Number of protein chains: 2
Amino acid sequence: MAAAEKHDVFQAIADPTRRQVLRLLSEKERPISEITSHFSVSRTAITKHLHILSEAKLVSGRKVGREKLYRLQPEPLEELHEWLSYYERFWSNKLSILKHIAEKEN
Amino acid sequence: MAAAEKHDVFQAIADPTRRQVLRLLSEKERPISEITSHFSVSRTAITKHLHILSEAKLVSGRKVGREKLYRLQPEPLEELHEWLSYYERFWSNKLSILKHIAEKEN
DNA sequence: TTGACATGAAACCGAAAGGTTATATATAAT
DNA sequence: ATTATATATAACCTTTCGGTTTCATGTCAA
């Protein structure tokens, strides 16, 4: 499952469990077992999700004593934001056109 | 493969081919074979991608003569945008805090 | 009406996704 | 030294993903 660069941010956020993990880590750094306690799947399954999130550089883990603490690494979400910004002009046209112009001026 | 609601917008955009299809359809309405001509996979494969995009309500198709024309349906991307907006405050803090405040005032 | 074109749909395939159980190892606490 | 805790890793399982080939059907053009 490990290897390198097999998962990107788009794949990483495709799974609802992984999105929930990101939410939890957005609040604070947490060890694996504490993350697991929020779900009904096994710790092993959560570990795999964390590996996928790691590959996508959305989280990073550091070992402290016998625990492994994971924290959010939000940078790759910028890529998603850029992708999405292309489409912003296609929805709710009236308001978003103004917003689009405004953002161009930054 | 069809059924109902099996794929959401997060899963739909996870695949690079599907993202490219969305780009093509953002320019204009196109028939399946014309879409297929932009890729190296079979028409059948593209049809399946279109089904998945349809389930996620990201595209819609209408039949005209012997062709089936697909067009972009951008609304579900708003859901993605909302999800993402939660995380905006976590990156490039300096600038985005101001932006965050500014957007609150709309 | 006879092809050619555009799509639909079924059957199949290998690989990956998402999960499990079981076993091993390192660290902390007693 | 012993035990409990936290994680790592391997093996395995079922379902889905992304793709193919094949065949059927509807529509347009000559």
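Because the structure is a prediction, the values reported are computed rather than measured. Convention: sequence-line order gives letters A, B, ...; per-chain numbering from 1.
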Quiz item: Is B:Trp83 reachable from B:Leu77 through a run of I, L, V, M, F, W or Y residues, each pair having side-chain heavy atoms under 4.5 Å apart?
Solution: yes
Quiz item: For B:Asp8 and A:Arg19, which heavy atoms make the closest approach, and how far apart are they?
Solution: OD2-NH2, 3.9 Å
Self-check item: Value in whole Å for how far the P atom of C:dA28 lies from CD of A:Glu67
Solution: 10 Å
Quiz item: Are any of A:His7's side-chain N or O atoms less than 4.0 Å away from OP1 or OP2 of C:dA16?
Solution: no
Quiz item: For the residue pair B:Tyr86 and A:Ser26, what are the closest heavy atoms and their distance?
Solution: OH-OG, 3.0 Å
Quiz prompt | Heavy-atom side-chain proximity of B:Val21 to B:Phe39 below 4.5 angstrom | solution = yes
Quiz item: Which one, C:dA9, C:dG18, D:dG19, comes nearest to the side chain of B:Val41?
Solution: D:dG19
Quiz item: Reckon A:Lys68 has a side-chain N or O less than 4.0 Å from the OP1 or OP2 of D:dA8?
Solution: yes
Quiz item: What is the distance from atom CG of B:Leu84 to atom CG of A:Leu80, rounded to the nearest 0.5 Å?
Solution: 5.0 Å
Self-check item: Nucleotide C:dA17, atom P - distance to CG of A:Asp8 in whole Å
Solution: 11 Å
Quiz prompt | Short side-chain N/O contact from B:Ser42 to OP1 or OP2 of D:dG19, under 4.0 Å | solution = no
Quiz item: Can you tell me how far CD1 of B:Ile35 sits from CZ of B:Arg30, rounded to the nearest 0.5 angstrom?
Solution: 7.5 Å
Quiz item: If only side-chain N and O atoms of B:His49 are considered, is one of them under 4.0 Å from the OP1 or OP2 phosphate oxygen of D:dG19?
Solution: yes
Quiz item: Roughly how far, to the nearest 0.5 Å, is OG of A:Ser33 from CD1 of A:Ile46?
Solution: 11.5 Å
Exercise. Check the distance between C:dA16's P and A:His51's NE2 and give it to me in whole angstrom.
Key: 17 Å
Practice problem: Give the minimum heavy-atom separation between B:Ala56 and B:Ala12, together with the two atoms involved. | Solution: CB-CB, 3.7 Å
Quiz item: Rounded to whole angstrom units, what separation is found between the CZ atom of A:Arg66 and the C1' atom of D:dA4?
Solution: 7 Å
Quiz item: Quick one: which of D:dC17, D:dA4, C:dT20 gets closest to the side chain of A:Ala45?
Solution: C:dT20
Quiz item: More 5' along DNA chain C: B:Tyr70 or A:Val64, using each one's nearest nucleotide?
Solution: B:Tyr70
Practice problem: Taking only the side-chain nitrogens and oxygens of A:Thr44, find out if one of them lies under 4.0 Å from OP1 or OP2 of C:dT20. | Solution: no
Quiz item: Can you tell me how far P of D:dC17 sits from CZ of A:Phe10, to the nearest Å?
Solution: 19 Å
Quiz item: Taking the side chain of B:Arg43 as heavy atoms from C-beta outward, which of D:dG18, C:dG8, D:dA8 is closest to it?
Solution: C:dG8
Quiz item: C:dG19 C1' sits how many Å from A:Ile46 CD1, rounded?
Solution: 11 Å
Practice problem: Whole angstrom is fine here: how far is it from CD in A:Gln11 over to P in C:dG18? | Solution: 9 Å
Exercise. May I ask you to evaluate whether A:Ser33 reaches the phosphate of D:dT7, defined as a side-chain N or O under 4.0 Å from OP1 or OP2?
Key: yes
Exercise. Rounded to the nearest angstrom, tell me the gap between atom CG in B:Leu69 and atom P in C:dC5.
Key: 19 Å
Self-check item: Of the listed nucleotides D:dA4, C:dT20, D:dC28, the one nearest the side chain of A:Lys48
Solution: C:dT20
Quiz item: Among residues 13-27 of chain B, which residues get a heavy atom nearer than 4.0 Å to DNA chain D?
Solution: B:Asp15, B:Arg18
